Amino acid sequence: MPIDVKVSEDTSVTFNGWASTGTPNLKPFSYHPRPIGPKDVEIEITHCGICGSDIHTITGGWGELKNGPCIPGHEIVGKIVEAGNKSHHKVGDLVGVGAMVDACGECNQCKSDNDQFCTKKCFTYNDTFKDGRGGQSYGGYADRVRVNSDFVFKIPSEISAAEAAPLLCAGVTTYTPLKIHKAGPGKTVGVIGIGGLGHLAIQWAHALKCDEVVAVSTSDNKREESKKLGATKFINSKKPEDMKAAAGSIDLLICTSFATDTDWAKVLSLVATHGKLVLLALPEDPLQIPANSLISRNVSIAGSLIGGKETVQEMLEFAAKHNIRPWIEKRPMSDPNAAVKHMMDGRPRYRIVMETEAASRL
Ligand SMILES: [Zn+2]
Ligand SMILES: [Zn+2]
């Protein structure tokens, strides 16, 4: 166990969840949370989405688990049942937690709503706190969670608890690059991969009034659904005539999925001169990018990691105002392995949200 994992436990309470020890098979796991601090809240979890990151983590695709058993889940929604006297929320509030649960709050990154790049950040699971109180983070495949209320977001009343869950990671992951790279009137935005991330990216781009919203997929089966989501054009990337017709037309191309044999020269051929390809999906292997695809037309490649906490709240309000919702399939959290399996081989349309027994009391 890393040296900075000091024991910091409130032994008077036990939280019960589902943990991985490096395989996709989740087993019941209980832990004592950190003592509740003045800014902390305790949340009774009603819903937790399943994110691709959960799968990469619990299967070991992103490397070994850092601190032993890992309770995944960073699309958490629930009700506050206890609140420290300096917390931003009160008992009874319906709130959400995304991919982060702590950061220093004082560095330049934190002060510019880029807390996901703070060197003292703590991700929601498989991470250790660096705030001097010790302990490690456990995610939302559980009955409860205790977190710093700086990283807890109010769910707008227009959005249901279940639908709010995927917004907390998939939502902000797709909203942030569109905001940073100024998607809007005058721009053509493309979205590669119509899945958990992509179906939200299309909705944001449509609501932001981009000139064209281009869905890029490897088959025709998502053509009609893409239109329903707000896409104005559809490219089947396996059809050379589709790719040729769209060459150089996309100012901002958001890549939410890839295959191990993705031909990046072909992907980059879609990007307009001075345009950008933004990577959201994180392949487990390095990418092979032909430099000429970038140099010949001043194309750049950028990455984007979730979003700052102010952006998360802004995204939730934007979703409420523009009626943007994830398309979800609900599954009981009492059988997370079935839900994870469905995610791993079923490609749900488009996001799985697990529901706890507490959801019936909302
Ligand atoms: Zn995620
Ligand atoms: Zn910081």
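First listed ligand is number 1; within each ligand, the first listed atom is number 1. Quantities reported herein were computed from a predicted structural model and do not represent experimental measurements. Position 1 is the first residue of the sequence; numbering continues from there.
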Qualifying residue for side-chain contact (heavy atoms from CB on, under 4.5 Å) with Leu268, from Ile289, Asp263, Asn292: Ile289
From the options Glu75, Glu329, Glu163, His199, select the one residue that forms a side-chain hydrogen bond (donor to acceptor under 3.5 Å, both in side chains) with Arg351. Glu75
Charged N to carboxylate O below 4.0 Å: is that the case for Lys120 and Asp115? no
Tell me whether the centres of the aromatic rings in Tyr138 and Phe29 are closer together than 6.0 Å. yes
Listing residue and atom name, which protein N/O/S atoms are closer to the Zn ion (ligand 2) than 2.8 Å? Cys104 SG, Cys107 SG, Cys110 SG, Cys118 SG
Asp10, Asp102, Asp40 screened by salt bridge (Lys or Arg N to Asp or Glu O under 4.0 Å) with Arg133, the one that passes: Asp40
I'd like to know if the side chain of Tyr350 pairs up with that of Glu225 as donor and acceptor (distance under 3.5 Å, no hydrogens or angles considered). yes
At a cut-off of 2.8 Å, protein N/O/S around the Zn ion (ligand 1) gives Cys51 SG, His74 NE2, Cys169 SG
If you apply the rule salt bridge (charged side-chain N to carboxylate O under 4.0 Å, His left out), what do you find for Arg146 with Glu42, and how did you get there? CA-CA 4 Å; Arg146 268 185 194 175; Glu42 181 172 319; 2.8 Å; yes
Salt-bridge contact Lys39-Asp150 (side-chain N to carboxylate O under 4.0 Å): yes
I would like to know whether His74 and Tyr125 meet ring-ring contact (aromatic ring centres under 6.0 Å, His included); could you show each step before the answer? CA-CA 7 Å; His74 61 201; Tyr125 58 78; 5.3 Å; yes
